[in-house]
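Take a look at the structure below.
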Amino acid sequence: MRIKWLLLIPFLLPLTSCKPKQTTFTITWLNANGDVLEVDKKVREGRMPSYDGSIPILKPIKGTSYFFSGWDSPFEPVTKDKTYTATYSTKPNYEVKWVNKDGKVLRFREDDHYVVTGNKPAFDLHFPQLEPSGSTYYAFDGWEDNRGVSGEHPITYDTTYTAQYHETNATSDYDCDGLLDYLDPDWDSTSNHVYYEYEKTDTGQLDFDIDYYNYFIKQDPNVYSQGIAKLTAALCIDEFRTGHISFPNEPSDFDDKEYIYKHLGCEDIEHFFINPDDYSYDKNDLGGATMAHHTVKANTIGSHTDVTKDYNIFFLTFDASHENNIPLWESNLDVGSEDPSYKTLTGEHPEWTDTDYHKGFYIAANRVKQHVDNYLVKFSNLENKILVMTGHSHGAVIANYIAKQYQYNAKYSKIFAYTFGGPTYYFGNNETNVPYIFNILNNDDIITHLPFSYFGCKQYGNDIRLSIVDDYQFEYFKLTGHEYDCFSNIEDFMNVNVQPIIPTRTSIYKIDESAERCIGYTYHSFLSSSVDEKYQECLELLKQYGIDGADKNSPYRLYKDDAAQTVTGINCPYAVYLVIFNVLESGKVDIDALFHLLDIFTNYYDIVSAMQTKLGLDLENPDPKSNYPHRMTSYYLLASLYQPTK
């Protein structure tokens, strides 16, 4: 009998392998110097190869710089193991060195050691310093190269820049900007003319003073100061991850979030952003800040001899953005509800202990406040402490809330708080008058009308409502080089289109089981157990809008990373800004699905186009805008122009 079964095995084997075996291959990606950039194993036959790493780089050598230009052969469906090698175009370069007046070589950026012909080099320090000689100090004046040319310039020859100084015996701070004069490259100026970049599209000239004496030591915090508004607006521009303030003697492409505080003469500079992995609940309720401390020493402000004691100034600039902004936007829109069904829908929120506050903002602000408290307690032994708080958008809410929490704290002699473009977040009935908080609000900006103004939601302090479209369009163009654009009739849109759909704070959520709107609307959904399930869910979602997310040639293509267990895409909060309130107008949108749609599309133009086509919405100008009213550019302009009536 055993022999008979053995004889049957050759006939049974084909029956056990009816499914054809999937053939896979290995794709290798090499740099031009032979370095392995990426290895993709088990790529299925017929798939198109895909390089997922960062853009290849080849370091320059003297005389030649390299620029990635593609791969050595065109992509084709995988049929065998294959290697692709990066290729480069070249441009000539020159060597650049930086030396101090005493001949010592100064530190430079490796990328700028060889500078492409015609490009301008960048020195990566605040500014160089020369050790004092006895009672003689040296103030930095700028650079001079080996051919006698002053200042950095486009390079057309091997160049050595030498730092230039003038002698001074001044050790005071005559311009009150926090830097001793011999360490301050522009100490004798009355105003710091500062260039900025914002989202890499604007180049403009900011003109603000850094003046500790007039702004903080002598200023009444309960009286609005245009100077403080402009300074704090600049801090907010620099805080945003794509914004940057450039100071005199600083390279224009240098992006260091500590730099502006160093120019303020600060030390103890710390930056944090909350890690969602530190929490079991409400992982989207995040925030961050940059914190810095400066001591104005007694008898050092030469032009104001009445400063006879030390003052300790603390800057707290709260973050408005994160690398992944979709979770923050979900938190922004989760206002919370006192209805018990809210927790049934969305899960427990143990840190949301006061339902008079917007749920997402309240949790985020209190988490941020813990970090601020831990920072400030390190300076508990200091006297004459002054707090300066600011923030934009999400950061404005956090600044507003924390400034209120410190209102009666006797440890601080003064508190200054200036916020920009913040939504409201307090639904309670208590007094909101906090005299030292000033909220600058662009009335053209829909964010400043949220959560829906007809809810009666508030914030603390003094609201200063202004409008660029009514009064300052020409000034906006002069500042940014862009024509100004904004939504029209925001209040009408709220009252006519949004209020019938969302009449109350509670009705944002699917509290009423009979409601047809917002089916499945929660912030705790979409928790697939595997990346394959998530990928399929995303594909099905895109199918609802007539889009094939598996099409490798489509701008809507989804990228599944099995190793990281993610389906990836690039998020843009402006998509929420432009789309969310328009799609609500239809009254039939699954908001949860909308968030997933925003989360996986590659840019907001695709989102808007899909919404417009598939939902039949008439959206106003869906083209990409660099000038929408919520940007910090708008708020710096308003801070520069607004003067309260006397």
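Computed from a predicted structure; not experimentally measured.
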task = Would you kindly say whether Thr290 and Glu239 are connected by a side-chain donor-acceptor distance under 3.5 Å?
result = yes

ask   = Residues in salt bridge (Lys or Arg N to Asp or Glu O under 4.0 Å) with Arg505, at least two apart?
value = none

query = To the nearest 0.5 Å, how far apart are CG in Leu450 and CZ in Phe455?
reply = 9.5 Å

message = Is it the case that the side chains of Asn366 and Tyr401 hold a donor-acceptor pair, with the cut-off being a distance below 3.5 Å and no angle test?
response = yes

query = Is any side-chain heavy atom of Tyr436 closer than 4.5 Å to a side-chain heavy atom of Phe416?
reply = no

task = Verify, without hydrogens or angle tests, whether His358 (side chain) and Phe361 (backbone) share a donor-acceptor contact under 3.5 angstrom.
result = yes

remark   = Scanning both residues in full, the closest heavy-atom pair of Pro221 with Ile415 reads CB-O, 3.2 Å

Backbone of Asn312 reached by a side-chain donor or acceptor of His293 within 3.5 Å = no

ask   = Any side-chain heavy atom of Val377 sitting closer than 4.5 Å to one from Phe379?
value = no

Side chain Glu348, main chain Tyr281, donor-acceptor under 3.5 Å = no

task = Could I get the full list of side-chain hydrogen bond (donor to acceptor under 3.5 Å, both in side chains) partners for Lys404, not counting sequence neighbours?
result = Gln407

Spatial distance of atom OG (Ser280) from atom CD (Glu351) [nearest 0.5 Å] = 9.5 Å

ask   = Which pair of heavy atoms, one from Phe272 and one from Gly287, lies closest together, and at what distance?
value = CE1-O, 4.2 Å

Within 45° cone of Tyr406 ring axis and under 6.0 Å: Lys369 NZ or CZ = yes

request  = With the side chain counted from C-beta on, respond yes when Val43 and Asp40 share a heavy-atom pair under 4.5 Å apart, and no when they do not.
outcome  = yes

Any donor-acceptor N or O pair under 3.5 Å, side chains Asn439, Thr419 = yes

ask   = Are any non-hydrogen side-chain atoms of Leu206 and Ile237 less than 4.5 angstrom apart?
value = yes

message = Please check: side-chain N/O of Tyr418 versus main-chain N/O of Ala639, any donor-acceptor pairing under 3.5 Å?
response = no

ask   = Is there a donor-acceptor pair under 3.5 Å between the side chain of His271 and the backbone N or O of Ala289?
value = yes

request  = Report yes if some heavy atom in the side chain of Ile27 is under 4.5 Å from a heavy atom in the side chain of Val39; otherwise report no.
outcome  = no

inquiry  = Quick one about Asp354 and Tyr426 (side-chain donor to acceptor, distance below 3.5 Å, no hydrogens or angles considered), yes or no?
reply    = no

Worked verdict on Asn400 versus Tyr425 for side-chain hydrogen bond (donor to acceptor under 3.5 Å, both in side chains) = CA-CA 10 Å; Asn400 188 282; Tyr425 64 98; 2.7 Å; yes

ask   = Taking atom CG of Asp445 and atom CD1 of Ile447, what is their separation to the nearest 0.5 Å?
value = 6.0 Å

task = Describe, in one word, how the ring planes of Phe452 and Tyr454 are oriented to each other, choosing from parallel (under 30°), tilted (30 to 60°) and perpendicular (over 60°).
result = parallel

query = Do Val372 and Met291 have side chains that get closer than 4.5 Å, going by heavy atoms?
reply = yes

ask   = Who passes side-chain hydrogen bond (donor to acceptor under 3.5 Å, both in side chains) against Ser54, sequence neighbours left out?
value = none

ask   = Side-chain donor-acceptor pair under 3.5 Å between Asp285 and Ser331, yes or no?
value = yes

ask   = Would a distance-only check, ignoring hydrogens and angles, find a side-chain to backbone donor-acceptor pair under 3.5 Å from Ser634 to His630?
value = no

ask   = Between Phe318, Phe420, Tyr635, which is the residue that forms a ring pair (Phe, Tyr, Trp, His ring centres under 6.0 Å) with His392?
value = Tyr635

task = Start with the C-alpha distance between Lys378 and Glu270, add both sets of side-chain angles, then the distance that settles salt bridge (Lys or Arg N to Asp or Glu O under 4.0 Å), and finish with yes or no.
result = CA-CA 12 Å; Lys378 294 186 294 185; Glu270 296 183 16; 2.5 Å; yes

request  = Could you tell me whether the side chain of Thr448 and the main chain of Leu441 form a donor-acceptor pair under 3.5 Å?
outcome  = no

ask   = Do the non-hydrogen side-chain atoms of Phe427 and Tyr357 ever get within less than 4.5 Å of each other?
value = no

Contact summary for Ala364 and Ile274, nearest pair of heavy atoms = O-CD1, 4.2 Å

Lys283 (side chain) donor-acceptor with Pro276 (main chain) under 3.5 angstrom = yes

task = Mind listing the closest non-hydrogen atom pair of Ile269 and Ala292 along with its distance?
result = CG1-CB, 4.0 Å

remark   = From the list Tyr362, Tyr342, Tyr279, ring pair (Phe, Tyr, Trp, His ring centres under 6.0 Å) partner of His349 resolves to Tyr342

task = Enter the distance from Ile260:CD1 to Asp238:CG here, rounded to the nearest 0.5 Å.
result = 4.5 Å

request  = For Ser50 and Glu38, work out which heavy atoms get closest and say how close.
outcome  = O-OE2, 3.6 Å

message = Would you say Tyr460 and Asn430 are linked by a side-chain donor-acceptor pair, where the criterion is simply a distance under 3.5 Å?
response = no

query = So, the side chain of Tyr375 versus the backbone of Asp268: is there a donor-acceptor pair under 3.5 Å, distance only?
reply = yes

query = Looking just at side-chain N and O atoms, do Trp352 and Asp282 make a donor-acceptor pair shorter than 3.5 Å?
reply = no

task = Quick one: closest heavy-atom pair of Trp29 and Pro49, and the distance?
result = CZ2-CB, 4.0 Å

message = His449 vs Asn443, test: side-chain contact (heavy atoms from CB on, under 4.5 Å). Steps then yes/no.
response = CA-CA 8 Å; His449 299 263; Asn443 214 40; 3.6 Å; yes

Chi angles and distances behind the side-chain contact (heavy atoms from CB on, under 4.5 Å) call for Leu264, Leu235 = CA-CA 11 Å; Leu264 284 160; Leu235 294 177; 4.1 Å; yes

task = Determine yes or no for a side-chain-to-main-chain donor-acceptor pair under 3.5 angstrom, with Ser393 supplying the side chain and Gly395 the backbone.
result = no

query = Going through the distances and angles, do Asp278 and Arg367 end up as a salt bridge (Lys or Arg N to Asp or Glu O under 4.0 Å)?
reply = CA-CA 11 Å; Asp278 292 340; Arg367 288 173 174 174; over 6 Å; no

note = One should read off an interatomic distance between Ile57 CD1 and Asp35 CG, to the nearest 0.5 angstrom, of 12.0 Å

query = Would you call Tyr412 and Ile386 a side-chain contact if the rule is heavy atoms closer than 4.5 Å?
reply = no

key: Of Ile402, Leu316, Asp319, Ile363, the residue whose pairing with Val368 passes side-chain contact (heavy atoms from CB on, under 4.5 Å)   = Ile402

inquiry  = side-chain contact (heavy atoms from CB on, under 4.5 Å) for Val388 and Phe314? Distances and angles first, verdict last.
reply    = CA-CA 6 Å; Val388 182; Phe314 295 88; over 6 Å; no

inquiry  = How long is the straight-line distance from CG of Asn433 back to CG of Asn462, given to the nearest 0.5 Å?
reply    = 6.5 Å

